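So that the names make sense, note that chain A is the first sequence line, chain B the second, and so on, each numbered from 1. Predicted model only: the values in this text are computed from it and were never measured.
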Protein chains: 2
Amino acid sequence: MKGVTKLKYKKIPEATIRRLSRYSRSLEEMEGKGEKVVSSALLAKKCAVNAAQVRKDLAYFGEFGIRGVGYYVEDLLNNIKKILGSNKEWKMAVIGIGNLGAALLSYKDFLKQNYTIVAAFDIDPPRVIGRVSEKLGKPAEVIHINRIKEVARERKIDIGVIATPPSEAQSVANLLVEAGVRGILNFAPAQVTVPAGFVVKDVFFTTILDNLAYLLSTETGYSIDRK
Amino acid sequence: MKGVTKLKYKKIPEATIRRLSRYSRSLEEMEGKGEKVVSSALLAKKCAVNAAQVRKDLAYFGEFGIRGVGYYVEDLLNNIKKILGSNKEWKMAVIGIGNLGAALLSYKDFLKQNYTIVAAFDIDPPRVIGRVSEKLGKPAEVIHINRIKEVARERKIDIGVIATPPSEAQSVANLLVEAGVRGILNFAPAQVTVPAGFVVKDVFFTTILDNLAYLLSTETGYSIDRK
DNA sequence: TCAATTTTGTGACCCCTTTCACAAATCCTA
DNA sequence: TAGGATTTGTGAAAGGGGTCACAAAATTGA
């Protein structure tokens with residue numbers, strides 16, 4: 001068994017993956033500036049982490065640097081993208097076109113290019129189409145949730161974005177699972193569980209704000225969050 | 001020195017604060033259902049964590065339970081809110097009214113009641129007012145960024161939400177610091193640094209999506225994120 | 001009142017992540 | 001070609017957070 005597939009030998013910390021994403025962003029910036037080589041020390045500084053941390057993170061996946069030199073920006077960036085899977089095109093669907101869902105649709109061009117929203121679902125399309133069209137500036141297509149299985153297959157949806165009220169989150173997740181959508185980004189502040197093989201990531205604005213509020217309430221002062 | 005101020009003796013893990021926010025949400029639900037008492041085991045189950053974890057988290061701040069009984073829902077909820085600072089009214093300002101900023105404004109009623117958006121800033125208000133009004137359905141007030149210092153003081157703004165392009169993030173952060181706004185919620189995918197006494201929390205959609213993509217790319221399968 | 005039951009609070013252990021420190025590898029210059 | 005400088009990759013140490021297991025405290029029922 002050669003070192004073909006990563007992650008068979010060690011489990012990669014979530015934190016490492018988060019940092020890789022950060023490195024990726026920094027590297028893109030550097031690449032844009034035409035910089036060819038970067039040291040772990042410089043990359044670390046740009047990302048506000050420890051230099052050894054940078055090297056350890058990368059070491060999980062291979063040897064990408066040259067001793068005495070550093071890392072080739074372009075090469076490292078490509079490798080990180082390969083690791084993260086962000087070289088692939090990911091197709092998303094937003095479910096629940098209320099304020100949040102509509103906001104996400106209009107925000108879509110802010111997302112990195114390899115993530116695209118290819119469908120919008122709601123339980124009552126006629127009711128919400130006006131709102132979305134207003135935002136998008138054209139007659140919008142909002143599909144009834146009961147067609148999600150068929151549409152998910154047709155459009156090869158990878159990620160479902162739950163933007164419904166919390167009470168509906170679990171049943172929407174169930175539909176996504178049934179439809180074979182393996183990734184779920186959950187904006188509804190509710191516990192969602194899925195079977196093995198599926199992945200849920202929560203984005204709870206209230207939790208983030210509560211965190212901020214806590215830090216502001218304490219006299220602790222200085223804190224830059226890197227989560 | 002009595003046990004007046006928390007956190008003088010131990011540093012509280014970020015993860016603990018995140019979980020407190022989660023407990024808070026569960027407790028609110030229980031309170032709504034009229035439940036009077038809850039055990040660490042039940043609360044843990046609702047929040048998908050270990051029961052000992054719940055007790056440890058709470059133990060950082062005091063003794064809120066009764067052995068052999070459990071925790072009084074209302075009492076515990078109040079205590080957690082006090083700890084998090086989420087019993088206070090927090091006033092926010094959104095800076096940068098592009099797609100994202102406008103989306104956040106229209107999303108504002110989704111936020112928990114104790115967080116309210118009280119101002120919107122942009123470098124070119126006339127240009128963006130149309131867009132915001134369209135979303136909010138009324139003539140919107142967007143203030144020029146150069147008035148932020150004065151307005152922040154008048155309206156007692158606690159938290160600044162950076163929704164500008166990444167290139168402007170740091171300079172907006174500098175303005176917020178100057179204006180004495182201690183909390184920053186940063187949606188712009190860029191490194192932002194602030195002096196001691198100020199707090200930055202990042203919300204990078206690309207990082208979250210990269211994480212999801214990574215998990216989907218690996219054969220690891222099962223994973224429910226609790227970050 | 002006392003024994004059985006429940007459930008908290010917490011010390012001790014364990015594991016994982018981060019940091020440190022240095023050998024190994026490469027470059028550069030003379 | 002050799003010596004000095006730089007920077008990676010990594011074993012070892014340190015630090016932190018999570019889990020376990022149990023004593024302490026409260027309740028219940030006889």
*Got a donor-acceptor pair under 3.5 Å from the side chain of Lys11(B) to the base of dG15(D)?*
no
*All side-chain hydrogen bond (donor to acceptor under 3.5 Å, both in side chains) counterparts of Glu28(B), not counting sequence neighbours*: Lys81(B)
*Could you state the CD1-C1' distance from Ile17(A) to dC16(C), rounded to the nearest angstrom?*
15 Å
Taking only distance into account, with no hydrogens and no angle test, what donor-acceptor pairs under 3.5 Å do side-chain atoms of residues 42-56 of chain B form with protein atoms, sequence neighbours excluded?
| unit_1 | atom_1 | unit_2 | atom_2 | d |
| --- | --- | --- | --- | --- |
| Asn50(B) | OD1 | Ala52(B) | N | 2.6 |
| Asn50(B) | OD1 | Gln53(B) | N | 3.4 |
| Arg55(B) | NH1 | Ser40(B) | OG | 3.0 |

_Which nucleotide wins on minimum distance to the side chain of Ala15(A), given the candidates dG18(D), dT18(C), dA21(C)?_
dT18(C)
Scan nucleotides 1-7 of chain C against the protein and return all N/O pairs shorter than 3.5 Å with their distances rounded to 0.1 Å.
| unit_1 | atom_1 | unit_2 | atom_2 | d |
| --- | --- | --- | --- | --- |
| dT7(C) | O4' | Gly68(B) | N | 3.2 |
| dT7(C) | O2 | Gly68(B) | N | 3.1 |

*Can you tell me the distance, in whole Å, between the CG atom of Asp57(B) and the P atom of dG18(D)?*
7 Å
*asked:* Restricting to salt bridge (charged side-chain N to carboxylate O under 4.0 Å, His left out), what partner residues turn up for Lys33(B), sequence neighbours left out?
replied: Glu29(B)
*Atom OH of Tyr60(A) to atom P of dG9(D): distance rounded to whole Å?*
15 Å
Contact list (N/O, under 3.5 angstrom) for nucleotides 1-4 of chain D vs protein:
none

*Partner set under side-chain hydrogen bond (donor to acceptor under 3.5 Å, both in side chains) for Glu168(A), not counting sequence neighbours*: none
*Which whole-number value in Å describes the distance from Tyr72(A) OH to dC27(C) C1'?*
10 Å
*Taking salt bridge (charged side-chain N to carboxylate O under 4.0 Å, His left out) as the test, write out the residues that go with Glu178(B), two or more places apart.*
Lys149(B)
*Rounded to whole angstroms, how far apart are CZ on Phe61(A) and P on dG9(D)?*
14 Å
Donor-acceptor pairs under 3.5 angstrom involving side-chain atoms of residues 62-76 of chain A: please list them, not counting sequence neighbours.
| unit_1 | atom_1 | unit_2 | atom_2 | d |
| --- | --- | --- | --- | --- |
| Asp75(A) | OD1 | Asn79(A) | ND2 | 3.4 |

*Going by distance alone, is a donor N or O of one side chain under 3.5 Å from an acceptor N or O of the other, for Tyr115(A) and Asp158(A)?*
no
*Within the modelled atom types, does a donor on one side and an acceptor on the other bring the side chain of Lys56(A) and the base of dT18(C) under 3.5 Å apart?*
no
*Output the single nucleotide from dT18(C), dG18(D), dT10(D) whose closest atom is nearest the side chain of Arg19(B).*
dG18(D)
*Tell me: CD of Glu14(B) to P of dT17(C), nearest whole Å?*
17 Å
*Find the distance Phe64(A):CZ to dA25(C):P and express it as a whole number of Å.*
19 Å
*Once you round it to whole Å, what is the distance between C1' of dG17(D) and CG of Asn50(B)?*
12 Å
*Could you pull out all residues at least two apart from Arg155(A) that satisfy salt bridge (charged side-chain N to carboxylate O under 4.0 Å, His left out)?*
Glu141(A)
*Would you indicate, yes or no, if dT19(D) has its OP1 or OP2 atom less than 4.0 angstrom from a side-chain nitrogen or oxygen of Gln53(B)?*
yes
*Quick one: does Arg25(A)'s side chain have a donor or acceptor within less than 3.5 Å of a partner on Ala190(B)'s backbone?*
no
